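Since we're looking at a predicted model, the values are computed, not measured. Below, all heavy atoms of this structure are taken into account, side chains as well, without hydrogens, waters or symmetry copies.
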Amino acid sequence: MSEFSTADGEYMAQALRLARKGIYSSQPNPRVGCVLVKKGEVVGEGWHQQAGGPHAEIVALAMAGTKARGATAYVTLEPCSHHGKTPPCTDALLQAGVIEVIFASEDPNSNVEGITALQDAGIDVRMGLLVAEAQSLNEGFFSRMQRQQPFVRLKIATSLDGATAMADGNSQWITGSAARADVQRWRARSCAVLTGVGTVIADDPSLTVRDESLETLGRQPLRVIIDSRLRTPATSRFLQLPGRSLIFCIDDANRASLETAGAEVFKVAAAAKQVSLPAVLRGLAELQVNDVLIEAGPSLAGAFLEAGLVDELVIFQAPHIMGSETRRMVTTRHWTALHDRQALEIKDLRRVGEDMRIIARPGRHKSAPV
């Protein structure tokens with residue numbers, strides 16, 4: 001492990017703050033920030049805004065100009081050394097005369113190989129500074145590269161007694177306006193928003209980011225529908241809106257009308273006569289989806305949980321009781337005993353307007369009996 005000074009930590013923390021500026025717009029690329037420092041002075045800084053645009057290092061070098069010669073580059077992710085949509089960042093750093101590169105995390109993309117390229121050119125390279133923070137900022141990208149599936153978040157809006165709708169399906173609105181605005185931010189940072197055909201038929205959702213104040217640079221998440229037998233109406237609202245709409249099925253006999261309406265239909269493997277959820281996630285990873293936000297009914301939400309496919313839950317809990325004639329948070333048909341319950345680790349707990357927001361991560365798939 002390299003030795004880092006307090007100043008090193010401060011510069012890398014600034015690079016991480018810059019990286020976060022791309023949280024709504026850099027997908028499918030990782031969020032990356034860069035700070036160039038020469039003799040204790042920041043001479044350049046930048047972040048990656050969107051795929052196809054200049055990487056963080058290039059933006060910082062442009063700001064620094066000739067002052068980059070002899071500087072140290074603090075980068076939140078290993079600089080790339082391959083040609084993608086843009087030239088290699090390692091070449092740009094070398095040509096600018098940077099003498100040292102400190103980065104937080106290695107890039108999980110095996111094509112990058114920035115360490116080797118820099119070291120072969122005689123550049124001093126150190127890594128591992130604020131690595132956990134850098135990887136946390138790009139959990140979806142790391143998940144896609146290392147597990148070949150996106151990072152999956154399950155969003156649930158519920159009353160204090162765990163109801164998500166009345167028995168007749170009425171659920172507008174359980175939570176307040178602040179919580180609903182926060183959901184827009186979770187959508188904006190995701191590559192895809194996923195729901196089931198039951199929600200499409202019942203609610204006719206748009207599945208879009210509607211908050212124009214979020215710096216998405218015009219990007220909308222993919223709209224993903226799980227619809228085993230293609231019951232999605234061709235007149236559905238989400239099919240009338242800009243952006244891509246994907247429908248995963250096992251029976252594609254009705255695909256023509258949906259494709260005419262603008263949907264992209266994917267026939268995948270079946271599991272218990274339903275769409276295989278792991279197959280959907282693998283397919284989304286192949287489409288460069290880093291993060292999926294599930295906004296579904298209790299059956300599909302429960303199916304993802306039972307399959308152990310949920311990486312994080314975002315639960316908005318409203319301060320009221322809806323009573324017994326209601327629909328629950330999840331339907332879990334195979335959890336019938338106390339020891340089947342899912343252990344959770346609370347990562348964050350805070351008020352959002354009048355509601356409470358709980359962010360939790362699943363522990364072991366099933367809790368040990370007590």
Side-chain angles (χ1 to χ4, degrees), residues 136 139-140 143 147 149-171 173-175 179 182-183 186 190 193-199 202-203 226 228 269-282 291-352 354-370:
S136 177
E139 286 178 307
S143 178
R147 303 191 299 167
Q149 69 180 48
F151 187 90
V152 176
R153 285 188 178 88
L154 172 60
K155 187 274 291 183
I156 300 174
T158 176
S159 64
L160 196 61
D161 57 340
T164 58
M166 300 306 296
D168 63 3
N170 185 17
S171 62
W173 295 101
I174 291 177
T175 55
D182 196 48
V183 170
W186 288 102
S190 303
V193 178
L194 182 151
T195 195
V197 64
T199 297
D203 299 336
I226 305 296
S228 294
K273 299 182 180 181
Q274 300 294 326
V275 165
S276 166
L277 300 182
V280 170
L281 295 182
R282 288 192 297 270
D291 313 81
V292 174
L293 181 68
I294 300 174
E295 298 188 38
S299 295
L300 185 56
F304 270 96
L305 276 172
E306 285 194 305
L309 296 174
V310 175
D311 296 303
E312 185 171 86
L313 294 92
V314 181
I315 302 170
F316 294 92
Q317 199 166 44
H320 51 240
I321 294 173
M322 292 171 60
S324 61
E325 304 306 306
T326 55
R327 299 181 182 181
R328 315 313 294 166
M329 291 173 59
V330 295
T331 300
T332 50
R333 303 186 188 281
H334 300 100
W335 294 358
T336 58
L338 187 60
H339 66 264
D340 290 327
R341 68 193 186 278
Q342 174 69 68
L344 297 177
E345 179 186 0
I346 304 298
K347 306 297 292 187
D348 186 74
L349 181 64
R350 69 181 65 193
R351 286 190 63 168
V352 178
E354 296 181 351
D355 305 312
M356 188 66 68
R357 189 188 71 190
I358 303 167
I359 298 178
R361 299 270 175 108
R364 292 170 297 166
H365 180 49
K366 293 182 179 180
S367 298
V370 295

Which atom of P362 lies closest to which atom of Q342, heavy atoms considered: CB-NE2, 3.7 Å

Close side-chain approach of I226 to V197, heavy-atom, < 4.5 Å: no

Backbone of E295 reached by a side-chain donor or acceptor of T195 within 3.5 Å: yes

Interatomic spacing from CZ in F151 to CG in D291 - rounded to 0.5 Å: 7.5 Å

Test log, rule side-chain contact (heavy atoms from CB on, under 4.5 Å), inputs V314 and I156: CA-CA 6 Å; V314 181; I156 300 174; over 6 Å; no

Heavy-atom check, side chain of L277 versus side chain of L300, under 4.5 Å: yes

Short side-chain to backbone donor-acceptor contact, S299 and T331, under 3.5 Å: no

Within-4.5 Å side-chain heavy-atom neighbours: L338 and D340: no

Heavy-atom pair of closest approach, residues A301 and A296: N-CB, 4.4 Å

Counterpart residues, side-chain hydrogen bond (donor to acceptor under 3.5 Å, both in side chains), relative to R328 (two or more places apart): T326

Closest heavy-atom pair and its distance - A157, I174: O-CD1, 4.1 Å

Polar side-chain atom of D161 near backbone of M322 as donor-acceptor pair, under 3.5 Å: yes

Minimal non-hydrogen separation, L344 against A360, with atom names: CB-CB, 4.2 Å

Residue pair W186 / R357, side-chain heavy-atom distance below 4.5 Å: yes

Electrostatic pair R341:E306 at N-O distance under 4.0 angstrom: no

Distance (rounded to the nearest 0.5 Å) between S159 OG and Q317 CD: 7.5 Å

Side chain to side chain, L313 and I359, heavy atoms closer than 4.5 Å: no

Heavy-atom side-chain proximity of L309 to P278 below 4.5 angstrom: yes

Nearest non-hydrogen partners of R351 and E354, listed with the distance: NH2-CA, 3.8 Å

Presence of salt bridge, E312 and R153, under 4.0 angstrom: yes

Side chain proximity check, F304 to V330, heavy atoms < 4.5 angstrom: no

Any F316 side-chain heavy atom under 4.5 Å of V183 side chain: yes

Flag, side chain of T164 to backbone of T158, donor-acceptor distance under 3.5 Å: no

A179 backbone acceptor or donor facing T175 side chain under 3.5 Å: no

D311 to P150 - nearest heavy-atom pair and separation: OD2-O, 3.8 Å

